[in-house]
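Computed from a predicted structure; not experimentally measured. Heavy atoms only: backbone and side chains are in, while hydrogens, waters and symmetry mates are out. Per chain, numbering begins at 1; letters A, B, ... match sequence-line order.
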2 protein chains.
Amino acid sequence: MGFKFETVKANRISQNIVEQIRSAILEGELKIGDQLPSEKDFARHFGVSKSSLREAYRVLEAYGLLEIRQGMSGGAFVKKVDLATIKDSFVNYLFFQNPGIREYTQIRTFIEPQVVKICAEKITDQDLEFLEDNILAMEHEPDGEAFMSDLDIAFHKKLVEIAGNKIISLIVESVQTALINIKQIVHTDRQFLTAVCDSHTKIVNALRDRDPEKASQAMIEHINEVEKGMLASKGGIMIITENGLLKKEQGSQ
Amino acid sequence: MGFKFETVKANRISQNIVEQIRSAILEGELKIGDQLPSEKDFARHFGVSKSSLREAYRVLEAYGLLEIRQGMSGGAFVKKVDLATIKDSFVNYLFFQNPGIREYTQIRTFIEPQVVKICAEKITDQDLEFLEDNILAMEHEPDGEAFMSDLDIAFHKKLVEIAGNKIISLIVESVQTALINIKQIVHTDRQFLTAVCDSHTKIVNALRDRDPEKASQAMIEHINEVEKGMLASKGGIMIITENGLLKKEQGSQ
DNA sequence: AATATTAAAACATCCGATCATTTAATATTT
DNA sequence: AAATATTAAATGATCGGATGTTTTAATATT
């Protein structure tokens with residue numbers, strides 16, 4: 001009989017409670033802001049010890065589904081899972097998968113050129129202003145010290161926001177976060193920064209013209225350019241070391 | 001002074017420990033399979049109570065970073081975060097974002113057509129055989145009872161695996177899982193199933209010819225077709241209700 | 001009315017006891 | 001000697017209660 005039985009893990013009390021509460025949330029019984037009973041009351045309700053219930057609350061908090069507050073009108077409250085939670089999850093997962101820079105670039109080239117195509121049709125003058133300001137800020141970044149990444153992230157984040165697809169926003173931001181957190185590569189040399197500003201400008205120009213194809217092309221070139229910069233140590237790449245310091249790695253030239 | 005201070009949440013002991021251990025893993029100090037000290041020992045080492053350390057272990061387990069086993073040679077072991085963990089995270093997050101079907105389709109049309117382009121260049125005869133078997137199995141699915149989704153998921157999963165980008169695999173599978181778990185739409189009518197088999201066949205044929213453009217086109221048509229099927233209740237869509245039963249929702253015609 | 005104090009609710013932490021599970025070591029049987 | 005059964009030890013799981021800390025509501029004071 002070609003049957004496979006999976007090992008049944010002993011039901012842990014806390015896990016059982018976690019699943020019950022998570023289901024209640026995902027099925028709409030519990031709404032954002034709803035308060036769950038206090039540890040003492042809920043433990044009694046489930047007929048378990050306080051510690052077991054506490055562990056369940058901790059796990060649900062780790063999932064981002066609960067917020068737990070101390071104090072008089074404190075307690076456990078249902079919370080909208082925030083982006084940071086899933087970003088962390090992304091980082092945790094991809095850390096072990098350890099994809100190459102090439103894989104990060106590839107997913108970006110799959111998504112972002114198409115994102116700007118949509119942007120070209122939906123973008124408002126206000127959005128354009130935001131993007132222009134972003135580029136200006138990047139151009140005036142002081143050398144070395146500052147990290148381009150914050151402004152760069154903001155630029156791409158704005159674009160996916162304009163495109164208006166919540167799933168795509170999630171993905172683009174998560175991929176970017178994982179890239180930075182895991183590969184820990186941050187460019188700081190002026191030459192590279194200028195190149196980024198230039199390609200950002202090209203993208204914005206295409207968007208101002210409401211030209212989807214031109215915007216898409218500019219984005220493709222931009223991503224490939226950035227990849228090249230990331231792969232080549234030549235020119236100087238700053239790597240964040242374990243103890244938080246910066247190390248300049250010289251290319252083999 | 002245009003400064004914004006974020007509220008500092010009181011450092012919880014368990015959270016502090018969680019961060020320390022997570023950092024140790026993400027910085028490579030702890031490797032997969034490494035065993036952490038027993039609750040008793042580690043609690044003493046940190047100078048905290050056993051319960052605080054237990055809560056930290058629970059959270060890390062929730063992150064998918066630890067596996068905790070009971071028994072004589074049990075304990076806490078560093079584990080590779082598995083796909084299920086991040087899929088759950090995806091579901092939790094997207095449940096609250098609640099994107100429309102359209103958004104799910106859009107991200108698929110951004111990624112999967114390009115995935116099959118790559119497949120067309122890398123696919124092996126063995127892969128083709130797998131995909132053909134998958135289609136055959138789907139064609140022979142009994143009516144009603146069976147869910148197309150398992151085989152459908154397997155089909156698309158195989159494709160992204162062939163493409164060989166771990167990030168894209170993660171994304172495609174997570175999006176699919178979220179779609180099924182949150183929108184809870186599963187097609188069971190024979191007509192729809194046949195249509196899916198047909199478009200899958202078209203894709204495989206294009207892949208057998210190693211024709212990227214044809215494969216991409218077939219995939220685009222397939223995704224749009226599926227979307228149409230999902231949006232139109234006409235023809236019968238099965239919806240899993242809260243209590244696990246199936247409800248047939250008739251379209252407004 | 002503003003401020004300071006007090007009280008209460010709820011989580012945070014700690015402790016230690018007991019139960020359950022798993023595996024290693026040992027004893028027994030064949 | 002090998003297979004099997006028993007026992008023991010390590011470790012997590014659960015429990016319950018004691019105490020500390022934080023936050024807010026209620027009260028008292030100025």
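Between A:Val48 and B:Gly74, the residue anchored closer to the 5' end of DNA chain D is B:Gly74, taking for each the nucleotide with the nearest heavy atom. Heavy-atom distances to DNA chain C give each of B:Ser14 and B:Lys50 a nearest nucleotide, and the one nearer the 5′ end belongs to B:Ser14. If B:Arg69 and A:Ser38 are placed on DNA chain C by their nearest nucleotide, the residue sitting closer to the 5' end is A:Ser38.
Residue B:Arg54 is in base contact, counting any heavy-atom pair closer than 4.0 Å across all strands shown. Contact annotation for B:Ser73: backbone-only contact, meaning every heavy-atom pair under 4.0 Å involves sugar-phosphate atoms and none involves a base.
Taking atom CD on B:Gln70 and atom C1' on C:dT23, their separation rounds to 12 Å, with Å as the unit. The CZ atom of A:Arg44 sits 13 Å away from the C1' atom of D:dG16 (whole-angstrom rounding). Rounded to whole Å, atom C1' of D:dG12 lies 16 Å from atom CZ of B:Phe42. The separation between A:Leu53 atom CG and D:dA13 atom P is 16 Å, rounded to whole Å. For the pair A:Ile13 CD1 and C:dA20 P, the interatomic distance rounds to 11 Å; values are reported in whole Å. Between the C1' atom of D:dC15 and the NZ atom of A:Lys40 lies a distance of 16 Å, rounded to the nearest Å. One can place CD of A:Glu39 at 14 Å from C1' of D:dC15, the figure rounded to the nearest angstrom. What separates CZ of A:Phe46 from P of D:dA13 is a distance of 19 Å, to the nearest Å.
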>> Go through it in stages, so that I can follow the logic: the residues are B:His156 and B:Glu112, the test is side-chain hydrogen bond (donor to acceptor under 3.5 Å, both in side chains), and I'd like the CA-CA distance, side-chain angles, deciding distance and then a yes or no.
In response: CA-CA 8 Å; B:His156 291 271; B:Glu112 298 199 55; 2.7 Å; yes
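Heavy-atom contacts from other residues, nucleotides or ligands closer than 6.0 Å to NZ of A:Lys157 number 12 or fewer.
Shown here for B:Thr177 and B:Val91, the closest heavy-atom pair between the two residues is CG2-CG2, 4.2 Å. Residues B:Glu29 and B:Asp34 come closest through the heavy atom pair O-OD2, 4.2 Å.
Between the side chains of A:Asp82 and A:Thr85, a donor-acceptor pair is found at a separation under 3.5 Å.
Between the side chain of A:Lys183 and the main chain of A:Pro99, a donor-acceptor pair closer than 3.5 Å is present. In terms of modelled atom types and a separation under 3.5 Å, the side chain of A:Glu103 and the main chain of A:Gly100 share a donor-acceptor contact.
No side-chain heavy atom of B:Ile107 sits less than 4.5 Å from a side-chain heavy atom of A:Phe110.
Distances shown here put every side-chain N or O of A:Ser49 at or beyond 4.0 Å from the OP1 or OP2 atom of D:dT14. Residue B:Ser51 has no polar side-chain atom (N or O) positioned under 4.0 Å from OP1 or OP2 of C:dC15.
The B:Met72 side chain lies nearest to D:dA9 when the options are D:dT14, C:dC14, D:dA9. Distance from the side chain of A:Ile68 is smallest to C:dC11 among D:dA13, C:dC15, C:dC11.
Within the model, atoms NZ of B:Lys122 and CD1 of B:Ile162 stand 9.5 Å from one another, a figure rounded to the nearest 0.5 Å.
Within residues 55-67 of chain A, no residue has any heavy atom closer than 4.0 Å to DNA chain D.
Using a cut-off of 4.0 Å between Lys/Arg side-chain N and Asp/Glu carboxylate O, B:Arg58 and B:Glu61 are scored as salt-bridged.
When base pairs are accepted only as Watson-Crick or G-U wobble with both N-N or N-O distances under 3.5 Å, DNA chain D takes part in stems of 3 or more pairs at C:1-30 with D:1-30.
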